[in-house]
Amino acid sequence: MSNPASSSNDRPPSSGADAAATADAAGGWSHIALGLVLAAVAIVGLLDIATNAELAADTAPDPGPAFLPWLLLWLLLAGGIAHAGMAALRLPARTPEHHRADAAMPQRPALSLPPWQAFRRSLIGTAMPAAMVASLIVYERAILTFGYLAPSFLFAFGWLAVLQSRETRTTSAAGVVRSALEAAAAVGAIFILFRFGIQVPLP
Amino acid sequence: MIEGLLSAAQAILTSPAALGLGLAATLLGIVLGALPGISSTMALAVLLPFSFAMPPTHAIVFLMGIFYGSVYGGSLSAILLNVPGTPGSMVTQLDGYPMAQQGRAGEALTLALYASTFGGIFGFVCLITLAPVLASAALAFQSAEFTAMMVFGLAMLAYASPGSTFLGLLGGVIGLLIGCIGLDSVTNIDRLSFGHHNLQAGINLIPVVVGLFGLAEVLSLLGQRGAHPIGIGKVGRLLPPWSAVRDTLGTATRSSAIGVVVGIIPAAGSALAVAIAYAQEKRLYERRETFGNGNPRGVVSAEAGNNACVGGALVPMMTLGIPGDTMTAVLVGALLVHGLKPGPELFEKHPDFVAAVYLALALAIVFTAILAIPGMRIFARVVSMPPRILHISIVLLCVVGSYAVQNSAFDILVMIVAGCAGYVMNRLGMPTAPVVFGLVLGPLLEENVRRTLIVHGSWSVFFERPIAAALLAVSVATVIYPALAAWRRRAIALRRSTP
């Protein structure tokens with residue numbers, strides 16, 4: 001499978017086409033990873049079922065509690081491998097010209113990227129979501145230890161301040177105070193609604 | 001049914017709490033639906049935990065208010081910001097925003113309200129006439145037919161979901177697998193819990209839904225650095241000329257009919273309904289070039305189709321227990337929490353609750369009309385609120401709402417994991433809706449497959465019973481067709497490229 005753009009290596013490719021090729025390469029490797037992860041999950045599940053002696057008992061005519069999970073796990077395994085395989089077949093081929101171009105100009109956006117570079121580019125735009133997930137895990141631990149109010153206020157205040165400075169591209173004392181007030185209002189409103197509105201005992 | 005309707009009317013219409021709840025929920029639904037990035041499913045999922053403490057009739061009034069209100073609310077941001085509040089309103093912006101740019105935002109909003117109300121009433125009438133008939137027919141269904149119906153629903157969802165059908169199917173398999181985690185309901189044998197005691201009780205639907213549709217959306221929005229959309233500040237005159245209403249009556253009727261039919265098809269969803277309704281009107285109208293440049297028919301067709309879809313989507317949910325779209329999948333989860341299992345038995349065992357669903361939808365339509373007229377100018381300001389407050393409030397609601405299901409911190413972790421998975425799936429173009437469908441249908445599918453095999457002792461029953469065989473054949477065709485079509489396209493392209 002050859003990359004149709006590879007013949008034009010001697011002239012700078014258009015940025016749009018290059019970006020699309022980069023996205024294809026990054027997306028391709030991500031899809032291979034997705035397929036392999038799904039297959040790995042299926043193997044772990046199949047091992048769990050295979051090693052569970054209780055599930056091996058004959059329950060005829062009932063197909064038994066292992067039947068549907070077993071069927072689904074095999075489908076997931078086959079589907080994951082098929083998806084990874086199809087994504088691999090769609091990857092743009094790397095020609096010797098690509099390797100030479102990358103070696104000559106490491107910063108140049110390559111038409112088809114090596115896996116590590118494609119993976120690095122696929123991470124662009126994930127810093128904020130990753131930070132949110134990390135902070136959520138800390139927040140979940142914190143509300144179990146310190147209760148709902150204080151950790152929730154700190155979590156909301158921190159994020160509102162960060163997002164406000166990102167929106168306005170400045171950090172000011174007024175902005176920080178506004179974030180604190182917004183956080184207090186949001187946390188307080190949710191606390192009142194759950195605690196007194198629908199009587200859910202928050203931690 | 002009449003007795004049930006009277007009983008539900010007495011329980012809801014004479015209760016100031018239920019009416020107030022319905023009004024507040026509809027208002028909340030309109031506001032949330034109007035905010036860009038907040039889909040109806042997300043609004044419903046995030047606010048679902050509030051319904052747990054309510055009696056079932058109040059809960060359905062609350063949830064239906066959010067559901068219907070958010071579907072209408074989506075048109076506000078589509079018209080004023082050129083950003084669809086919900087997927088179902090993405091066609092509304094094609095003519096709604098040009099109308100707003102021409103200084104006719106108020107007219108476009110009122111036409112959208114008129115079309116929404118028309119479509120809503122049309123869908124409601126179809127629901128109350130079709131649902132009892134379909135439920136009676138479904139009573140003759142046996143476990144083989146139910147199994148085939150669920151497979152059909154999953155196949156349709158995989159086909160209709162944005163992105164690859166193959167990934168949609170894998171999503172459905174993942175959802176079904178999550179539904180299998182924990183103790184088997186028949187033998188009490190532990191499956192796929194890896195000895196973790198929290199997993200032995202199974203994965204609760206609500207934290208997964210909240211994570212997939214709430215947290216995942218916020219994570220996606222946090223990853224974008226786009227500027228906050230600038231809205232059309234001036235709403236202008238609200239009342240459109242009478243001729244615009246009169247001339248679009250046919251459009252509203254046709255589009256509503258399309259909305260109901262598409263809504264009834266499991267998993268087809270409102271985005272498909274509005275696309276078909278809009279295309280149909282464009283095809284029928286003589287001056288097609290005016291579509292996309294502020295033609296009121298464009299707004300009316302999209303909104304009538306979108307809101308009629310609500311009634312249509314409730315038909316398979318109520319009668320067969322198969323969700324018509326992701327929003328009704330969340331509603332199924334809510335009913336299960338309240339100990340109510342949607343399906344033909346619901347009509348036999350709880351006719352008063354079925355009547356309450358009808359009444360709740362009717363109230364939501366009326367409340368939306370009542371709230372929208374005086375509130376349009378206020379909603380126009382609300383849609384411009386800074387998104388950061390909304391995003392963080394939603395994350396807090398996701399955490400607290402997941403915890404509130406069983407007062408369990410484990411559910412918060414489930415929600416976070418589901419949110420991460422949903423975010424990754426969104427980035428890779430893997431639809432998340434089939435996961436929820438699979439999770440909702442998983443236990444039902446397993447129960448029906450096993451019952452079929454215990455009673456009949458052979459797989460051949462699925463091919464001997466005509467309805468089951470037909471549904472399975474359509475399911476297989478639905479899954480295979482995209483692959484065959486892609487193969488044919490490639491073959492034609494290859495033939496053309498070779499001299």
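Reminder, nothing fancy here: chain letters follow the sequence lines and each chain counts from 1. Note that this is a predicted model, so its numbers are computed, not measured. These values consider heavy atoms only, across backbone and side chains, with no hydrogens, waters or symmetry-generated copies.
Considering only heavy-atom pairs separated by less than 4.5 Å from chain A, the leading option among B:L167, B:I174, B:V449 is B:L167. Contact count against chain B (heavy-atom pairs under 4.5 Å) is highest for A:D48 among A:V44, A:I137, A:D48, A:I143. Comparing B:I412, B:L170, B:V455, B:L445 by heavy-atom pairs within less than 4.5 Å of chain A, the highest count is held by B:L170.
At a heavy-atom cut-off of under 4.5 Å, chain B is reached by A:Y148, A:S152, A:F155 from residues 148-155 of chain A, listed in order of number. Using a 4.5 Å heavy-atom cut-off against chain B, the contacting residues of residues 157-165 of chain A are A:W159, A:L160, A:L163, A:Q164.
When all heavy atoms of B:S393 and A:I190 are compared, the closest pair comes out as O-CD1, 3.8 Å. Nearest approach of A:A82 to B:F166, heavy atoms of both residues: CB-CZ, 4.0 Å. In terms of heavy atoms, A:S30 sits closest to B:L428 at CB-CD2, 3.3 Å. Shown here for B:E446 and A:P69, the closest heavy-atom pair between the two residues is OE2-CD, 4.3 Å. The shortest heavy-atom contact between A:P63 and B:L453 is CG-CD1, 3.6 Å. Nearest heavy-atom pair, B:I189 versus A:P65, reported as atom, atom and distance to 0.1 Å: CD1-CG, 4.1 Å.
The distance from the CG atom of A:L73 to the CG atom of B:L176 is 11.0 Å, given to the nearest 0.5 Å. Of the inter-residue distances, the one linking A:E54 atom CD with B:R191 atom CZ reads 12.0 Å to the nearest 0.5 angstrom. To the nearest 0.5 Å, atoms CH2 (A:W70) and SG (B:C180) are separated by 13.5 Å. We find the CG-OH distance between A:L202 and B:Y403 to be 7.0 Å, quoted to the nearest 0.5 Å.
For A:L71, no part lies under 4.5 angstrom from a heavy atom of chain B. The contact between A:L144 and chain B is made entirely by side chain atoms (from C-beta outward), counting heavy-atom distances below 4.5 Å. Neither the backbone nor the side chain of B:V424 comes within less than 4.5 Å of any heavy atom in chain A. Both the backbone and the side chain of B:L177 come within contact range of chain A, each with at least one heavy atom under 4.5 Å from a heavy atom of that chain.
Sorted by first and then second residue, the pairs that involve residues 180-190 of chain A and meet salt bridge (Lys or Arg N to Asp or Glu O under 4.0 Å), not counting sequence neighbours, are A:E182-B:R388.
A:V187 pairs with exactly one of B:V400, B:L396, B:I392 by the side-chain contact (heavy atoms from CB on, under 4.5 Å) rule, that one being B:L396. Of the candidates B:L219, B:L221, B:L222, A:M128 forms a side-chain contact (heavy atoms from CB on, under 4.5 Å) with just one, namely B:L222.
Not counting sequence neighbours, the partners of B:H58 by the side-chain contact (heavy atoms from CB on, under 4.5 Å) test are B:S15, B:A17, B:A18, B:L21, B:M54, B:P55.
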Item checked: Check against side chain to side chain contact (heavy atoms under 4.5 Å, CB included), A:L136 and B:L215 -> CA-CA 10 Å; A:L136 268 173; B:L215 182 61; 3.6 Å; yes
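By the 6.0 Å contact criterion, CH2 on B:W459 is enclosed, its count of non-hydrogen atoms from other residues, nucleotides or ligands being greater than 12. Heavy atoms of other residues, nucleotides or ligands lying less than 6.0 angstrom from CZ of A:F146 number 12 at most.
A:N52 contributes a side-chain N or O that, together with a main-chain N or O of B:D190, makes up a donor-acceptor pair within less than 3.5 Å.
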